[in-house]
K.L.:
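Mind having a look at this structure? Questions to follow.
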Amino acid sequence: MGYSVAVVGATGNVGREMLGVLAERAFPAADVVALASRRSQGVEVSCGERTLKVKALEHFDFAGVDICLMSAGSAVSREWSPKIAGAGAVVIDNSSCWRYDADVPLIVPEVNADAAAGFRKRGIIANPNCSTAQLVVALKPLHDRAKIRRVVVATYQSVSGAGKEAMDELFSQTKSVFQIDEIVPKKFPKRIAFNVIPQIDAFMEDGYTREEWKMLVETKKILDPKIKLVATCVRVPVFIGHSEAVNIEFENPITAEEAREVLRNAPGCIVIDKREPGGYVTPYESTGEDATYISRIREDATVENGLALWIVSDNLRKGAALNAIQIAECLVNRKLITAKRKAA
Ligand SMILES: NC(=O)c1ccc[n+]([C@@H]2O[C@H](COP(=O)([O-])OP(=O)(O)OC[C@H]3O[C@@H](n4cnc5c(N)ncnc54)[C@H](OP(=O)(O)O)[C@@H]3O)[C@@H](O)[C@H]2O)c1
């Protein structure tokens, strides 16, 4: 038996990665359809060995679809997810449109897979923000061990997190620097080439940005509403891979060595922490990988029961496409869905 899978936003950064991950992980798909805007109708995209011709979302009938992986932004999701769910498909959405609705589960399978069953209320499951996904994968085992009270995180987020046009902007601005051409920021509020920008998403009334707010609210929803968190989210001139410098205060004592051991045995985590030049992971090395890498684990003597660490992951994979497909696998493995069409 195979599932009928639709990928909406199949020409985008995340959508293309989703098609790749479906093939790599041999997801039990009887068929995969690639959808995007009318602009991309007929464009070819790869799904493993297969080449798919992109169809236009607006003309597509979802009646036969079991799982719809949505990755086309909030506006498209707001309009289409309820219609697609109404046609009987489970929508796994990458945008922030549904994440904060109490009756829509927000899932990182290593952390709260059990909540996935809640998809039945709306037919929608939300995928978290890329920075939250990798953070909670590392926080969960530490929370289980020593109970987290407060987290202070500074992010170093790659341009791919802002879509394919943002990657083009870093590339073209970098070229312009070498050619001594004028640089006019379009996608980012300031020049991103050879620079860092302490703003991701819009400002809120309290001075934090929405990206910072998302990390707080999503960590509470996925992991534990009692955890306090403050974030500073920064865009850096890296193509793929988000990094995070994290300080954690625990209720109970935990040494750096204990944390290293806990994280070594935790699902989705790989510890690379050699305390020598190069003995840590950088975003460049995380590209194309599934793991959340944890390095620079050390005790923070400025607070009681404190740790400092460095977390890196491929934002297009664990931060988006991989996590979405792990959610779909969770639905299949736990028999929460059945294929509408039985294989011949
Ligand atoms: N990048 C990340 O790390 C990351 C992580 C977590 C979540 N997300 C979320 O995932 C979503 C996609 O991000 P992305 O980085 O892949 O963006 P992207 O590279 O800009 O791709 C956007 C995709 O959406 C499609 N699209 C736009 N308008 C459409 C419409 N009216 N109807 C149908 N398809 C439409 C585009 O199709 P055309 O090519 O035809 O325009 C394209 O396939 C966003 O909601 C983003 O917030 C991204």
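Indexing begins at 1, ligand by ligand and atom by atom, following the structure's order.
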K.L.:
Pick one of side chain, backbone, both or neither for how Arg39 approaches ligand 1, counting any non-hydrogen atom pair under 4.0 Å.
P.N.:
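Side chain only; the backbone of Arg39 stays clear of ligand 1.
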
K.L.:
From atom 22 (C) of ligand 1, work out which of Gly163, Ser71, Gly15, Gly73 has a heavy atom at the shortest distance.
P.N.:
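Residue with the shortest heavy-atom distance to the ligand atom: Ser71.
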
K.L.:
To which residues is Ile180 joined in a hydrophobic cluster, defined by side-chain heavy-atom contacts under 4.5 Å among Ile, Leu, Val, Met, Phe, Trp and Tyr, whether direct or through other members?
P.N.:
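Ile180 shares its hydrophobic cluster with no other residue.
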
K.L.:
What is the ring orientation for Trp80 with Phe62, classed by angle as parallel under 30°, tilted 30 to 60°, or perpendicular over 60°?
P.N.:
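Trp80 vs Phe62 ring planes: tilted.
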
K.L.:
Between Val76 and ligand 1, which residue portion shows a heavy-atom distance shorter than 4.0 Å: side chain, backbone, both, or neither?
P.N.:
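Looking at Val76 and ligand 1, just side chain atoms fall under 4.0 Å.
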
K.L.:
Just distances here: any N/O of Leu57 and N/O of ligand 1 closer than 3.5 Å?
P.N.:
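No.
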
K.L.:
Does His242, backbone or side chain, put an N or O under 3.5 Å from an N or O of ligand 1?
P.N.:
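By distance alone, the answer is no.
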
K.L.:
So is there a nitrogen or oxygen of Pro128 less than 3.5 Å from a nitrogen or oxygen in ligand 1?
P.N.:
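Min N/O separation from ligand 1 is not below 3.5 Å for Pro128.
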
K.L.:
Does any N or O atom in Ser74 lie less than 3.5 angstrom from one in ligand 1, N or O only?
P.N.:
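No; every N/O pair is 3.5 Å or more apart.
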
K.L.:
Of the choices Ala56, Ser160, Ala36, Ala320, which has the non-hydrogen atom that lies closest to atom 1 (N) of ligand 1?
P.N.:
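It is Ser160 that holds the nearest heavy atom.
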
K.L.:
Please work out which of the three classes, parallel, tilted or perpendicular, describes the rings of Trp310 and Tyr156, given edges at 30° and 60°.
P.N.:
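Judged by the thresholds at 30° and 60°, the geometry between Tyr156 and Trp310 is perpendicular.
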
K.L.:
Please tell me if atom 46 (C) of ligand 1 is touched by the protein, where touching means a protein heavy-atom distance below 4.0 Å.
P.N.:
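It does not; no protein heavy atom is within 4.0 Å.
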
K.L.:
What atoms of ligand 1 come within less than 4.0 Å of a heavy atom belonging to Gly161?
P.N.:
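By the 4.0 Å cutoff, the relevant atoms are 1 (N), 2 (C), 3 (O).
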
K.L.:
Output, in order, the C-alpha distance, side-chain angles, deciding distance and verdict of salt bridge (Lys or Arg N to Asp or Glu O under 4.0 Å) for Arg99 and Glu218.
P.N.:
CA-CA 8 Å; Arg99 286 180 198 154; Glu218 295 179 19; 3.0 Å; yes

K.L.:
Nearest heavy-atom pair of Gly42 and Lys53: which atoms, and what distance?
P.N.:
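The answer is O-CE, 3.9 Å.
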
K.L.:
Which one of Val8, Thr11, Leu316, Val14 has a non-hydrogen atom at the shortest distance from atom 48 (C) of ligand 1?
P.N.:
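Looking at heavy atoms only, Val14 sits closest to atom 48 (C) of ligand 1.
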
K.L.:
Can you spot which of Glu212, Met215, His242 makes a side chain to side chain contact (heavy atoms under 4.5 Å, CB included) with Thr155?
P.N.:
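Of Glu212, Met215, His242, side chain to side chain contact (heavy atoms under 4.5 Å, CB included) with Thr155 is met by Met215 alone.
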
K.L.:
Is there a nitrogen or oxygen of Arg99 sitting under 3.5 Å from a nitrogen or oxygen of ligand 1?
P.N.:
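Between Arg99 and ligand 1 (N or O atoms, distance only) the closest approach is not under 3.5 Å.
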
K.L.:
Return yes when atom CZ of Phe171 has more than 12 non-hydrogen atoms of other residues, nucleotides or ligands closer than 6.0 Å, and no otherwise.
P.N.:
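Counting neighbours around CZ of Phe171, 12 or fewer heavy atoms of other residues, nucleotides or ligands fall under 6.0 Å, so no.
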
K.L.:
Any idea which part of Ala10 is under 4.0 Å from ligand 1, heavy-atom wise: side chain, backbone, both or neither?
P.N.:
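Ala10 to ligand 1: backbone contact only, side chain stays beyond 4.0 Å.
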
